[in-house]
S.K.: 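This is the structure I have questions about; it appears just below.
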Amino acid sequence: MKTVKLSSGKEIPILGQGTWRMGEKASQKTAEIDALKLGIDLGMTLIDTAEMYGEGGAERVVSEAIGGRRQEVYLVSKFYPYNASYQGVINACERSLSRLKTDYLDLYLLHWRGSIPLAETLEGLQHLKQAGKILDYGVSNFDTDDMEEAESLAGGKEIATNQVLYNLIHRGIEWDLLPWCQKRSIPIMAYSPVEQRAFVNDSRLKNIAVKHNATPTQIALSWLLHQDNVISIPKATNPQHIRENFTALDIDLTEEDIKEIDLAFKPPSRKMSLAMR
Ligand code: NAP
């Protein structure tokens with residue numbers, strides 16, 4: 001699989017798996033574990049989770065899916081803004097590690113900005129990194145001004161990624177945030193890459209989909225997979241969706257396809273505030 005390089009030098013795959021809405025219902029647990037295992041078997045070894053998802057339930061699902069194969073996986077988790085104090089982030093990390101049954105996270109992200117000063121959060125993250133509890137850290141839902149502020153603080157230049165809403169419907173970051181991050185080799189991690197099923201019957205993508213013997217959702221994902229310095233983390237429990245997401249890597253969009261896509265889903269022509277879920 002194609003990879004992107006973090007500033008620490010670590011190479012990570014451009015396609016992974018999300019876990020929001022997992023770990024919420026006991027009846028879904030086996031299907032969710034099997035889904036993540038299938039994704040890992042196919043090569044989607046980056047797994048994104050958060051203490052928020054199912055209030056720890058998603059991390060428990062992940063722990064079962066990666067049991068015995070921790071080394072194969074690139075594990076990302078996120079902490080609540082209210083846990084972003086120096087000691088708060090250290091404690092939250094310990095709880096996540098315990099639920100995930102692992103002794104380190106590959107990447108640990110501040111889920112969104114809250115009221116605790118960023119400088120204090122960065123201090124806590126640096127402590128975790130030095131202690132080997134996390135290998136890298138980053139942020140989520142940060143707009144360009146937040147990134148600029150973070151960059152100016154101690155430890156801010158070590159921010160490895162910014163996880164934001166990015167897909168064909170939400171292209172606002174192309175105006176400033178994406179180039180800002182590209183210039184600094186900070187990969188963007190695109191969440192909701194298939195816009196939570198919104199492309200399934202999208203008539204604007206149907207012609208291109210037919211041409212590539214693919215679904216409109218696969219075309220939307222393929223478009224993201226072709227962006228420079230972007231990692232995509234679709235969530236799928238249905239095995240067919242998982243396979244389709246993986247095979248989206250093989251779709252070779254032509255220049256003509258890209259032009260058609262740009263006409264239907266216009267890139268931004270001005271600064272737009274960061275879209276979030
Ligand atoms: P998403 O990945 O865009 O969409 C997930 C939905 O799309 C599920 O209902 C899934 O169905 C369906 N789906 C997946 N692949 C499909 C395919 N090939 N064809 C048709 N339907 C497909 O939305 P998301 O879960 O919001 O975002 C992905 C991940 O990003 C999350 O799980 C989470 O890890 C992360 N995230 C982060 C933030 C943040 O604030 N940092 C916010 C939102 C999400 P099935 O499950 O039935 O297969």
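Order of appearance sets the numbers: ligands from 1, and atoms from 1 within every ligand. Just the heavy atoms: all of them, side chains too, but no hydrogens, waters or symmetry mates, feed the values below.
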S.K.: Going through the distances and angles, do Glu64 and Lys101 end up as a salt bridge (charged side-chain N to carboxylate O under 4.0 Å, His left out)?
M.R.: CA-CA 9 Å; Glu64 295 205 35; Lys101 298 198 178 95; 5.7 Å; no
S.K.: Could you pull out all residues at least two apart from Arg184 that satisfy salt bridge (Lys or Arg N to Asp or Glu O under 4.0 Å)?
M.R.: Glu151
S.K.: Using a 4.0 angstrom limit on heavy atoms, which residues are close to ligand 1?
M.R.: Gly18, Thr19, Trp20, Asp48, Tyr53, Lys78, His111, Ser140, Asn141, Gln163, Tyr191, Ser192, Pro193, Val194, Glu195, Gln196, Arg197, Val200, Thr217, Ile233, Pro234, Lys235, Ala236, Thr237, Asn238, His241, Glu244, Asn245
S.K.: Run the side-chain donor-acceptor check on residues 224-231: report pairs under 3.5 Å with partners two or more places apart or on a different chain.
M.R.:
| from | atom 1 | to | atom 2 | distance (Å) |
| --- | --- | --- | --- | --- |
| His226 | ND1 | Ser222 | O | 2.7 |
| Gln227 | NE2 | Trp223 | O | 2.9 |
| Asn229 | ND2 | Ile186 | O | 3.3 |

S.K.: Quick one: does Glu51's side chain have a donor or acceptor within less than 3.5 Å of a partner on Tyr80's backbone?
M.R.: yes
S.K.: Please determine whether salt bridge (charged side-chain N to carboxylate O under 4.0 Å, His left out) holds for the pair Asp48 and Lys78, giving the CA-CA distance in whole Å, both sets of side-chain angles, and the decisive distance to 0.1 Å.
M.R.: CA-CA 8 Å; Asp48 175 73; Lys78 303 189 278 297; 2.6 Å; yes
S.K.: Got a sec, which pairs hit side chain to side chain donor-acceptor pair (under 3.5 Å) with one end in residues 261-272, sequence neighbours left out?
M.R.: Asp143-Lys271, Arg171-Asp262, Asp176-Lys271
